[in-house]
Amino acid sequence: AAVSRPRIVGRLVRSLVARAAGASTYAPLPPPQKVKVAVCQLNVTADKTQNLQTAKKAIQDAAAQGAKLVVLPEMWNCPYSNDSFPTYAEDIEGANSLSVDMLSAVAAETGVTLIAGSIPERCGDRLYNTCCVFNSRGELLAKHRKVHLFDIHIPGKITFKESLTLSSGPGPTVVDTEAGRLGIGICYDIRFPELAQLYAARGCQVLIFPGAFNMTTGPVHWELLARARAVDNQIFVITCSPARNPSSSYQAWGHSTVVGPFAEILATTDHGPTTIYADMDYSQLEERRSNMPLVLQKRHDLYALLDKTV
Ligand SMILES: O=C(O)CCC(=O)C(=O)O
C-alpha cells in the first residue's frame, strides 16, 4: 500500500535547501563520507503505467544491492517530445500525482535518497521539466525545475525546442540529504559551467544531472561535459540517461556515468537498459583539493563567480 502523501507544501522542506552564499572557498562538507549510488538507465515507453513499474522495480533492485542514493533519468515517465509533455504532466504539488505517489512510497519502503530524474510538471498554466528529491522517509526535500531549456538547431541533425511547451525554472537547487549535499541540474543545465561552479562554491559534494542527450551531441559532448564539470570543480558528477528505445522518436544517447573528483570514470555503460553502481568516497574531495588547491590558486583579483541568487 502506498505511504499516505502529506500535503506536498509541508514536505517541501525548504529549510533543508542550502542557501549559503557563493563563497570563494568551499564550504565545510557534511557527513556521510561514503555513499553507494545506483544510476538507473531506464527503458522509457509511451505507456506511463509501465514506466512507473519499471522505475519502481529499478529503485527496489538498487536498494536490494545496497545503494543509498538512487538516480533516475530525465523524463522517465514519458517519451521525450513536446507532444508528450502536456499529456504526461502531473501537478507535483497536487494530491493526485501518480509519479510522486509512487516515488514517495518506494523511497520510504526502501530507505534510499531518491533523485527522481525528471517528469513534466504542470503548475497553473505552465509546464516545467522537474526533478524531485525524496529522503528515505519518502518526503519531498526539494524540486529542481530545469533552468536552461534545450533549444537547439543543428541543420540536418537535430532540432528541438523545449521552450515550445516548457518554462524555465527559477534557479539553482542545492539540497542536503542523507547521501550528502547535492547540486541538481537537468540535461542542458550541464552545459553551463557557472551553475556547477556555484554548486561547488556552496559545498556540494556531488552534481547530479538526469539527462537525455541525443545521437548527435551525445557521442561528442556527454562524457566530456560530465568530466569537465568534475575536473573544474574537483567534485563528483553523475549523469543518468534513459536507455535508447529503438521505437522512440527521440533516440537517447544512454551512457549514464559516474565521475570522480579527478575526472576519472567510476562507472559507465552503453545504451541498453541497466543500472550502474559506484562507491563515492567523499574524503577524496579533500584529498584532490589539497593535492591541487585550485580554489586557493584562483586569481580572485582578476575574476569572480557572481552568484545572483542570494
Ligand atoms: O545539450 C544537449 O546536447 C542535449 C540536451 C538535452 O537533450 C536536454 O536538455 O534535454
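For ligands, and for the atoms within them, numbers begin at 1 and follow the listed sequence. All residue numbers refer to positions in the sequence shown, counting from 1.
Residue Tyr250 has at least one heavy-atom neighbour below 4.0 Å for each of these atoms of ligand 1: 7 (O).
Not close to ligand 1: Trp253, with no non-hydrogen atom less than 4.0 angstrom away.
Under the side-chain contact (heavy atoms from CB on, under 4.5 Å) rule, Ile59 has a single partner from Val71, Thr275, Leu42, Leu72, which is Leu72.
Counting heavy atoms under 4.0 Å from ligand 1, residue Trp222 does not touch it at all. At a 4.0 Å heavy-atom cut-off, ligand 1 does not touch His221 at all.
The residue among Arg191, Lys146, Glu74 with a heavy atom at the shortest distance from atom 9 (O) of ligand 1 is Lys146. Of all the listed residues (Tyr188, Tyr80, Phe209), Tyr80 holds the heavy atom that lies closest to atom 10 (O) of ligand 1.
Taking distance alone, with nitrogen or oxygen atoms compared against 3.5 Å, Ala212 approaches ligand 1 more closely than that limit.
The nearest heavy-atom contact from the protein to atom 6 (C) of ligand 1 is Cys187 SG, 3.0 Å.
Qualifying ring-ring contact (aromatic ring centres under 6.0 Å, His included) partners for Phe150, counting only residues two or more places apart in sequence or in other chains: Phe160, Tyr188. Listed by chain and number, the residues in a side-chain hydrogen bond (donor to acceptor under 3.5 Å, both in side chains) with Thr269 amount to none (sequence neighbours excluded).
There is a side-chain donor-acceptor pair under 3.5 Å between Ser283 and Asp281. Under the 3.5 Å distance criterion, with hydrogens and angles disregarded, no donor-acceptor pair is assigned to the side chains of Thr239 and Arg229.
Around the NZ atom of Lys56, the shell of radius 6.0 Å holds no more than 12 heavy atoms that belong to other residues, nucleotides or ligands.
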